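For reference, the structure discussed in these notes is given below.
For reference, positions follow the sequence shown, starting with 1. Because the structure is predicted, anything quoted here is derived from the model rather than measured.
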Amino acid sequence: MTSATHPPGPGSPRTLDRSPFFDNAKFLLIVLVALGHSWEQVITPQTPVLRAVHNLVYGFHMPAFILLCGYFSRSFTGRPDQIRRLLTGVLLPYLIFETVYSFVYHWCRGSDLEITPVAPTYLCWFLLALFVWRLTTPIWNALRYAVPISLVISLAAGTTRITGDMAMPRVLMFLPFFVLGLRLRPEHFARLRTRTARCAAVPVFAGAFALACRLSPDPNDDWLSSDADNTLLHVSLGQYLLLRVALFAVSALLVASFLALVPGRRTWITALGAVTLYPYLLHGIVLRVAEYYGAFRVLRQAGLPGTLVLSAAAVAVVVLLSTPPVRAALRPLVEPRLPRWLVPPVEVAAPAPVPAAAEREKSLAR
C-alpha cells in the first residue's frame with residue numbers, strides 16, 4: 001500500500017510491475033472500501049437500492065484487493081530481507097493499529113479497553129490475514145493445482161465451526177483469491193486491458209446490479225464478509241456449498257470486469273494508489289469519530305442528499321489521508337522500522353576462491 005510495497009498490503013517482496021494500472025486499481029479499490037464502510041452507517045430498510053449497491057461492491061472489492069496481494073507476492077520465498085519487510089510493512093502496523101483501534105472503540109463506543117492481538121478489531125483483520133497468506137506463499141508456489149486445493153480448503157472452512165482468532169475464518173475463506181493472484185502473470189492482466197474486455201465489463205456490472213436489486217437485502221453481510229459457517233448462516237451443507245461456489249464465480253467475474261475498466265494511463269489518482277495503506281488504516285478512525293458525534297444520524301435522516309454528501313466525504317477523506325503531510329506525520333505508525341539492534345549486520349561476502357589452475361597460469365605469466 002505504500003510507495004515501496006504493493007496492494008493492498010505492504011511488505012511486498014519487491015517493487016516489480018510498477019505500472020499506473022495497478023496503482024489506479026489500488027486507489028479505486030480503497031475508495032470502494034471507504035464507501036462501503038460509510039454506507040453501512042446509513043443503510044436502513046427504506047434504502048434497498050443503497051443496500052444493493054453496497055452488496056455489489058462487497059462482492060468484488062476485497063477479492064480484488066486480495067488477488068492483487070497474491071500477484072505481488074509471487075517472488076516471496078522467505079528470505080531474511082523479505083521477512084523483515086513483512087514484519088515492518090504488515091505485522092508491526094497491525095499491532096500498532098490493533099492497539100489504536102482498541103482505544104478508539106473504548107472512547108467512541110464505550111467498549112472494554114482490551115488489547116487482543118489474536119482477535120482483530122474492525123478492519124485490522126486484513127493485515128493479519130495478509131501476514132499469514134504471504135508466509136504461506138512458498139507452500140502454494142510448490143504445489144500443483146494450488147487454486148483448486150485452496151478452493152476446497154475455503155469451502156471446508158465454511159462447514160466447520162472456527163473461532164475468530166487470528167481472523168482465521170477470513171484467512172481460509174478468502175484464500176482462493178490470494179492463491180489465484182499467485183498464479184497470474186502480466187499477460188493475464190493484458191488480456192483484460194482490451195476494448196473487448198472493457199465492453200463486456202459494462203453489461204456484467206449492469207446485470208450484477210440488477211441481480212443485487214432483485215435479491216436485496218440478501219445476501220447478508222455474513223455471506224459477503226466470508227466469516228460465517230453454514231450453521232451461523234442457517235443453511236444446509238448442500239445449500240452452503242452451492243451458494244459459496246456461486247459467490248466465488250460471481251466475485252471472480254466482477255473482479256475481472258473491474259480490472260478491465262481500470263484506466264491504464266497515469267492520472268492524478270496514480271500517485272495516491274501507491275500509498276493506500278494510509279487511508280485504509282486511518283479512515284476507520286474517522287468513521288468511528290463521526291459516529292460518536294452523531295454525523296451519521298443526521299445524514300441518515302437527510303435521505304438521498306445525505307447519502308450523496310456522505311459518499312463525497314468518504315472519497316475526500318481517502319484523498320486527504322493520502323496526502324504528503326498526513327503521511328509524513330503518521331509514517332512512524334503506518335510504516336514503522338525495526339530497531340537497529342534487531343537487524344543483523346550485513347555480511348560481507350568472502351572473495352571467491354581462485355581455481356588452482358588459474359593460480360598456476362598467473363605465476364607462469366609473472
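Within 6.0 Å of CZ on Arg337 lie no more than 12 heavy atoms contributed by other residues, nucleotides or ligands. At most 12 heavy atoms of other shown residues, nucleotides or ligands fall within 6.0 angstrom of atom CZ in Arg265. Residue Met168 qualifies as enclosed at atom CE: its count of foreign heavy atoms under 6.0 Å is above 12.
Residues passing the side-chain contact (heavy atoms from CB on, under 4.5 Å) test with Val315, sequence neighbours excluded: Val31, Leu35. Partners of Thr137 according to the side chain to side chain donor-acceptor pair (under 3.5 Å) rule, which considers only residues two or more places apart in sequence or in another chain, do not exist here. Among residues two or more places apart in sequence or in another chain, the salt bridge (Lys or Arg N to Asp or Glu O under 4.0 Å) test is passed with Arg161 by Asp229. The side chain to side chain donor-acceptor pair (under 3.5 Å) search around Trp223 returns none, not counting sequence neighbours. Applying the salt bridge (Lys or Arg N to Asp or Glu O under 4.0 Å) criterion to Glu40, with sequence neighbours excluded, gives no partner residue. Residues meeting the side-chain contact (heavy atoms from CB on, under 4.5 Å) test with Val250, sequence neighbours left out: Leu254.
Remark: Arg214 is not positioned above the aromatic ring of Phe209, lacking an NZ or CZ atom under 6.0 angstrom from the ring centre and at most 45 degrees off the axis. No cation-pi contact links Arg191 to Phe189, judged by a cut-off of 6.0 Å to the six-membered ring centre and 45° from its axis.
The backbone N or O of Ala228 sits nowhere less than 3.5 Å from a side-chain atom of Asp222 that would complete a donor-acceptor pair. Remark: side-chain polar atoms of Arg193 are not paired, donor with acceptor, to backbone N or O of Ala260 under 3.5 angstrom. Of the possible polar contacts, none joining the Thr323 side chain to the Val319 backbone as a donor-acceptor pair under 3.5 Å is found. Under the 3.5 Å distance criterion, the side-chain polar atoms of Ser257 are left unmatched by any main-chain donor or acceptor of Val204. A donor-acceptor pair is defined here as one N or O able to donate and one able to accept, closer than 3.5 Å; no such pair exists between the side chain of Gln41 and the backbone of Ser38. A donor-acceptor pair is defined here as one N or O able to donate and one able to accept, closer than 3.5 Å; such a pair exists between the side chain of Thr44 and the backbone of Gln46.
Between Ser154 and Met173 the shortest heavy-atom distance is OG-O, 2.8 Å. Heavy atoms only, all atoms of each residue included: Pro93 and Leu281 are closest at CB-CD1, 4.4 Å. A pairwise comparison of heavy atoms in Thr159 and Ala156 identifies OG1-O, 2.7 Å as the closest pair. Arg74 and Arg185 make their closest contact through CD-NH1, 3.3 Å (heavy atoms, listed as atom of the first residue, atom of the second, distance). Across all their heavy atoms, Lys26 and Phe65 have their closest contact at O-CZ, 3.9 Å. Among all heavy-atom pairs drawn from Pro217 and Asn55, the shortest one is O-ND2, 3.6 Å.
Residues Glu98 and Thr116 are in side-chain contact: their nearest non-hydrogen atoms beyond the backbone lie under 4.5 Å apart. Looking at heavy atoms from C-beta onward, Val90 lies out of side-chain contact with Leu128 at the 4.5 angstrom threshold. For the pair Leu67/Phe178, no side-chain contact is recorded, criterion being any heavy-atom separation below 4.5 Å from C-beta on. The side-chain heavy atoms of Asp227 and Trp125, taken from C-beta on, include no pair separated by under 4.5 Å.
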Audit row: Phe22, Phe72, ring-ring contact (aromatic ring centres under 6.0 Å, His included) steps and yes/no: CA-CA 10 Å; Phe22 291 108; Phe72 286 106; 5.0 Å; yes
Give the intermediate values and the outcome of side-chain contact (heavy atoms from CB on, under 4.5 Å) for residues Leu321 and Tyr280. CA-CA 9 Å; Leu321 296 177; Tyr280 180 80; over 6 Å; no
Criterion ring-ring contact (aromatic ring centres under 6.0 Å, His included) on Phe27 and Trp268, from CA distance to verdict: CA-CA 10 Å; Phe27 175 79; Trp268 68 273; 5.8 Å; yes
Does the pair Arg288 and Tyr292 meet the rule for a side-chain hydrogen bond (donor to acceptor under 3.5 Å, both in side chains), with working shown? CA-CA 6 Å; Arg288 294 287 77 87; Tyr292 178 78; over 6 Å; no
side-chain contact (heavy atoms from CB on, under 4.5 Å) assessment of Asn141 paired with Phe76: CA-CA 9 Å; Asn141 285 337; Phe76 184 87; over 6 Å; no
Would you check, one step at a time, whether the test side-chain contact (heavy atoms from CB on, under 4.5 Å) holds for Ile30 with Tyr278? CA-CA 10 Å; Ile30 195 62; Tyr278 285 85; over 6 Å; no
Given the rule in the side-chain hydrogen bond (donor to acceptor under 3.5 Å, both in side chains) test, do Thr77 and Gln82 qualify, once you have shown the distances and angles that lead to the verdict? CA-CA 8 Å; Thr77 59; Gln82 293 175 331; 3.3 Å; yes
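Less than 6.0 angstrom separates the ring centroid of His37 from the ring centroid of Tyr122. For Phe60 and Phe205, the gap between ring centers is short of 6.0 Å. Separation of the His54 and Tyr58 ring centroids falls under the 6.0 Å cut-off. Proximity of the aromatic rings of Phe126 and Tyr94 is defined here by a centroid distance below 6.0 angstrom, and this criterion is not met.
Trp133 contributes atom CH2, which lies 10.0 Å from atom CZ of Phe177 (distance to the nearest 0.5 angstrom). Atom CG of Leu180 sits about 8.0 Å away from atom OG of Ser150, to the nearest 0.5 Å. In this structure, the separation between CZ on Phe296 and CD1 on Ile43 is 12.0 Å, given to the nearest 0.5 Å. Rounding to the nearest 0.5 angstrom, the gap separating the NE2 atom in His188 from the CG atom in Leu259 is 13.0 Å. Separating the CG atom in Leu56 from the CG atom in Leu211 is a distance of 9.5 Å, to the nearest 0.5 Å. Going from atom OG of Ser102 over to atom CG of Asp112 covers 11.0 Å, rounded to the nearest 0.5 Å.
When hydrophobic clusters are built by joining Ile, Leu, Val, Met, Phe, Trp and Tyr residues whose side-chain heavy atoms come closer than 4.5 Å, directly or via intermediates, Ile153 is grouped together with Leu151. By the criterion of side-chain heavy atoms lying less than 4.5 angstrom apart, applied directly or through intervening Ile, Leu, Val, Met, Phe, Trp or Tyr residues, Leu237 is not grouped with Leu242; the two fall into different hydrophobic clusters. If you chain together hydrophobic residues whose side chains sit under 4.5 Å apart, Tyr145 and Leu143 never meet in one group. Both Val245 and Tyr240 are assigned to one and the same hydrophobic cluster, defined by single-linkage of ILVMFWY side chains at heavy-atom distances under 4.5 Å.
Between the side chains of Thr47 and Trp39, no donor N or O sits under 3.5 Å from an acceptor N or O. Residues Arg51 and Ser216 bring no donor and acceptor atom of their side chains to less than 3.5 Å of each other. With 3.5 Å as the limit, one finds no donor-acceptor pair spanning the side chains of Thr270 and Asp23.
Looking at Asp81 and Arg84, no side-chain N of the basic residue comes within less than 4.0 Å of a carboxylate O on the acidic one, giving no salt bridge. Ion pairing of Arg109 with Glu291 is present here, as a side-chain N (NZ or NE/NH1/NH2) and a carboxylate O approach within less than 4.0 Å.
The only option from Leu29, Val33, Val57 that meets the side chain to side chain contact (heavy atoms under 4.5 Å, CB included) definition with Met62 turns out to be Val33.
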